[in-house]
Asker: 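Here you go, one structure.
Computed from heavy atoms alone, side chains included, the values below leave out hydrogens, waters and symmetry copies. This is a predicted model, so every value here is computed, not measured. Note that the numbering runs from 1 along the sequence shown for the chain. Remember, it's 1-based here, ligands and their atoms both numbered in the order they're listed.
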Amino acid sequence: MTANAALFAPLICTGRVEETHDTATFTFRAANQSPFAYKAGQFITFEVEVADQKLHRAYSLSSSPCQPDQVAITVKRVPGGKVSNHLLDHLRPGHMLPGMAPAGEFNALDCPRTDKVLLFSAGSGITPCISIARWLLANGPGCEIDFVYSARNADQVIMAAELDRLAAQDERFRLHRVLGQPAREGDLQGRLDRALFDRIVTEVAGKTLFTCGPESYMAAVVEFAHARGMPAELIHQESFVPASANDAGASSGAQFQLQAPRFGKTVTVTDGQTLLEAMESAGLPVIGACRSGVCGSCKCQLLAGEVEASSTATLTEDEIVAGYRLACSSTIRSDLVVEL
Ligand SMILES: Cc1cc2nc3c(=O)[nH]c(=O)nc-3n(C[C@H](O)[C@H](O)[C@H](O)COP(=O)(O)OP(=O)(O)OC[C@H]3O[C@@H](n4cnc5c(N)ncnc54)[C@H](O)[C@@H]3O)c2cc1C
Ligand code: FES
């Protein structure tokens, strides 16, 4: 059983640029030539066939919505990763990948103010941040951007040339490279700690912060911003890493029945399993793009039964009342009847 094909449109890879030894940027156009409409910071969920299995993964768009004829994603290798490594090893211009419509709440357009912006990223977390920066520079004549990027050394700076180009061409874009081994004058040395944060962020009043990177990096940035008095509603973060199961997922070992009447399936599941894992094991066509309760791709409706929900992001109040849940963020606690 495959995921709902109507949700996907064919995208043709039009280019590939090696960014670092383990990261590449891929550009795409829509096979039907339609323009892309998205908000800077959003992602696309791709369907990728790896060893006869259709897998779904989210990739933030690193391109700017100002150029709607194409989109770009920047993929970094993940040790043991199925899809990231497959894309880096096999995806070339001319290949086709099915992609969903852009989505995501981590974006520059849905924020109350984006005239003064702090963008903190590390690793592949640069992707939504550079999209936001590109879009603001093109649309906010009075904007001020502090772009902070952390890496071990200069060779691991993703999109290094583009960051330098933006900094050289536009005084509204202030680049701060935080490197374990500084490579040139102006590079800041070390890990991002409170002292370095305070050195870069001299003033927080009126600023909006976006951060994307490893979990510990984002936790530190958020902590430093809170300590400086930034209100929570002006701090936005995006996690790329799937939560394996929600924290409440301890299992009693009890077994339950999961029914999906539309697909004629009834399978035995275990207390404490996530609904997403259970549906995937049953071969149901659920799409688990982020596996961490942020993208909404795994939305399904509970017709009967109980789960413990750790995230309801992207669901409306009406949907929650109607029994909709995010399968990746739902721990099974009883017999269930689900609708996809
Ligand atoms: C909203 C969103 C946007 C994203 N944007 C990007 C992007 O712009 N560029 C990009 O390269 N990736 C991005 N990702 C991550 C991407 O979706 C995949 O998770 C990643 O490519 C790994 O998938 P995989 O199939 O290779 O690894 P899997 O086979 O799924 O996982 C292999 C192992 O790696 C761990 N793992 C999975 N993802 C990560 C990760 N990101 N970092 C460290 N460990 C991980 C898993 O827990 C597992 O142990 C994004 C994720 C989300 C949710
Ligand atoms: S897979 Fe993204 S919210 Fe569940």
Asker: Strictly under 4.0 Å, does any heavy atom of A289 approach an atom of ligand 1?
Answerer: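 It does not; every heavy atom stays at 4.0 Å or beyond.
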Asker: Suppose we measure from atom 3 (S) of ligand 2 to each protein heavy atom; which comes out shortest, and what is that distance?
Answerer: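 Of the protein heavy atoms, G296 N, 3.1 Å lies nearest.
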Asker: Give a rough value, rounded to 10 degrees, for the angle at atom 2 (Fe) of ligand 2 between atoms SG of C290 and SG of C295.
Answerer: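 Once rounded, the angle between the two atoms at atom 2 (Fe) of ligand 2 is 100°.
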Asker: I would like to know whether E308 and R333 meet salt bridge (charged side-chain N to carboxylate O under 4.0 Å, His left out); could you show each step before the answer?
Answerer: CA-CA 7 Å; E308 268 172 29; R333 294 298 184 211; 3.0 Å; yes
Asker: May I ask you to check if ligand 1 and S84 share an N or O to N or O distance below 3.5 Å?
Answerer: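 For ligand 1, there is an N or O atom that lies under 3.5 Å from one belonging to S84.
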Asker: Report yes or no: does C328 have an N/O/S atom closer than 2.8 Å to atom 2 (Fe) of ligand 2?
Answerer: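 Checking C328: none of its N, O or S atoms is under 2.8 Å.
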Asker: Among Q42, R57, K82, which one puts a heavy atom closest to atom 30 (O) of ligand 1?
Answerer: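 Among Q42, R57, K82, the closest heavy atom to atom 30 (O) of ligand 1 comes from R57.
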Asker: I need the atoms of ligand 1 closer than 4.0 Å to a non-hydrogen atom of T127, numbered in the order shown.
Answerer: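 In order of numbering, the contacting atoms are 7 (C), 8 (O).
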Asker: Would you say that more than 12 heavy atoms from the other residues, nucleotides or ligands in this model lie under 6.0 Å from the CZ of R165, or not?
Answerer: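 Yes, CZ of R165 has more than 12 neighbouring heavy atoms, counting only those of other groups under 6.0 Å.
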Asker: Just distances here: any N/O of V83 and N/O of ligand 1 closer than 3.5 Å?
Answerer: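 Looking only at distances, the answer is yes, because the N/O contact criterion of under 3.5 Å is met.
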Asker: Below 4.0 angstrom from a heavy atom of V75, which ligand 1 atoms are there? Numbered from 1 as shown, please.
Answerer: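 Every atom of ligand 1 under 4.0 Å from some heavy atom of V75: 11 (O).
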Asker: Who's the nearest protein heavy-atom neighbour of atom 1 (S) of ligand 2, and how far?
Answerer: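 Minimum-distance protein heavy atom for atom 1 (S) of ligand 2 reads R291 N, 3.3 Å.
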Asker: Just which atoms of ligand 2 are under 4.0 Å from any heavy atom in G293?
Answerer: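 Answer for ligand 2: 3 (S).
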Asker: From atom 2 (Fe) of ligand 2 out to just under 2.8 Å, does an N/O/S atom of C298 turn up?
Answerer: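 So C298 does not count as coordinating atom 2 (Fe) of ligand 2.
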Asker: Relative to the heavy atoms of F43, which atoms of ligand 1 are at a distance of less than 4.0 Å?
Answerer: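 Under 4.0 Å from F43, ligand 1 has these atoms: 1 (C).
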Asker: Would you call the rings of H236 and F210 parallel, tilted or perpendicular, taking 30° and 60° as the class edges?
Answerer: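 Because their plane-to-plane angle is under 30°, the rings of H236 and F210 count as parallel.
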